[in-house]
Amino acid sequence: QVQLVESGGGSVQAGGSLRLTCTASGSGYETSAMGWYRQAPGKERELVALISSGGYIEYANSVKGRFAISRDNAKSTVWLQMSSLKPEDTAIYYCTSAGTYWGQGTQVTVSS
C-alpha cells in the first residue's frame, strides 16, 4: 500500500513557475514508476510526466522544455518543476505510483 500527498499548487500569472511536491509513504513506490497527471474541467485526465525507478523520463508534448520531473527515493519525494506556465496548464495535478495509487490532487491555476 502506498499513500501519496501532493502540495505546492496555487495561482500564478502566465509565465510564472511553481514546484509541485509529492510525498510518498508505505512500501513499493521506490521500485515503481512515479508520475504526474492533470485533469482540467471537462477534460479527461492526461499524463504530464513520469519517471521510472531507473530514471527514465517521459513528458507530454505540451510540457516538454517547460516542466521537469525528478525523484529522490531517500526523501520519499517526487517533484514537478513547472516553468513558463500557460493558462492551458490550469488543472488539478495528481501524483501517481505505478498508475495504481493516487494522491488527492493539488490545484494549479494560471491566469493570463
Side-chain angles (χ1 to χ4, degrees):
Q1 193 80 1
V2 176
Q3 294 79 43
L4 303 169
V5 178
E6 303 99 333
S7 61
S11 297
V12 296
Q13 290 191 328
S17 299
L18 283 173
R19 187 173 79 158
L20 305 183
T21 300
C22 174
T23 302
S25 60
S27 62
Y29 65 88
E30 302 93 336
T31 58
S32 298
M34 301 291 293
W36 288 93
Y37 281 69
R38 67 186 181 187
Q39 186 167 21
K43 295 188 177 181
E44 293 186 354
R45 191 173 296 190
E46 64 176 1
L47 172 69
V48 176
L50 64 83
I51 183 168
S52 73
S53 58
Y56 170 80
I57 291 175
E58 184 175 319
Y59 295 103
N61 287 334
S62 59
V63 307
K64 282 181 180 177
R66 301 189 298 120
F67 290 12
I69 189 171
S70 58
R71 67 188 293 172
D72 185 335
N73 286 342
K75 297 181 178 179
S76 304
T77 303
V78 179
W79 296 274
L80 184 68
Q81 178 67 48
M82 305 185 294
S83 303
S84 301
L85 283 161
K86 304 175 180 180
E88 51 263 43
D89 295 318
T90 295
I92 299 175
Y93 284 69
Y94 298 90
C95 177
T96 182
S97 173
T100 299
Y101 302 100
W102 295 83
Q104 81 288 350
T106 185
Q107 176 71 47
V108 171
T109 302
V110 185
S111 58
S112 57

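Nothing here was measured: the structure is a model prediction, and the numbers come from that model. Any value given below was found using the heavy atoms of this structure, including those in side chains, with hydrogens, waters and symmetry copies removed. One is the number of the first residue; the rest follow in order along the sequence.
Under the 4.5 Å side-chain contact rule for hydrophobic residues, M34 and L47 do not share a cluster. Under the 4.5 Å side-chain contact rule for hydrophobic residues, V5 and V78 do not share a cluster. Residues V63 and L18 fall within the same hydrophobic cluster, defined by Ile, Leu, Val, Met, Phe, Trp and Tyr side chains chained together at heavy-atom separations under 4.5 Å. Residues W79 and V2 are members of separate hydrophobic clusters, defined by side-chain heavy-atom contacts under 4.5 angstrom among Ile, Leu, Val, Met, Phe, Trp and Tyr.
At least one side-chain heavy atom of D89 sits under 4.5 Å from a side-chain heavy atom of F67. At a threshold of 4.5 Å between non-hydrogen side-chain atoms, the residues E6 and Y93 do not count as touching. Side-chain contact check for S7 versus T23: every heavy-atom pair is 4.5 Å or farther apart.
Atom CG of L80 and atom OG1 of T106 lie 11.0 Å apart (nearest 0.5 Å). Atom NZ of K64 sits about 7.5 Å away from atom CD of E58, to the nearest 0.5 Å. Q3 CD to S27 OG: the interatomic distance, rounded to the nearest 0.5 Å, is 8.5 Å. To the nearest 0.5 Å, atoms OH (Y29) and OG1 (T96) are separated by 14.5 Å. A distance of 12.0 Å separates OG of S32 from CG of L50, quoted to the nearest 0.5 Å. Taking OG of S83 as the start and CZ of R66 as the end, the distance is 9.0 Å to the nearest 0.5 Å.
Of all heavy-atom pairs spanning W36 and C22, the tightest one is CZ2-CB, 3.6 Å. When all heavy atoms of E30 and R71 are compared, the pair lying nearest together is O-NH2, 3.6 Å. The minimum heavy-atom distance linking M82 with L85 is given by the pair CB-CD2, 3.8 Å. Of all heavy-atom pairs between S112 and P87, the closest is CB-CG, 3.9 Å. Between Y101 and L4 the shortest heavy-atom distance is O-CD1, 3.4 Å. Of all non-hydrogen atoms in G105 and Y94, the two that sit nearest each other are CA-CD2, 3.6 Å.
E46 is linked by a salt bridge (charged side-chain N to carboxylate O under 4.0 Å, His left out) to R38, counting only residues two or more places apart in sequence or in another chain.
The number of heavy atoms from other shown groups lying within 6.0 Å of CD (Q104) is above 12.
Between the side chain of T90 and the backbone N or O of V110, at least one donor-acceptor pair lies under 3.5 Å. Remark: the backbone N or O of I69 is paired with a side-chain donor or acceptor of Y59 at under 3.5 angstrom.
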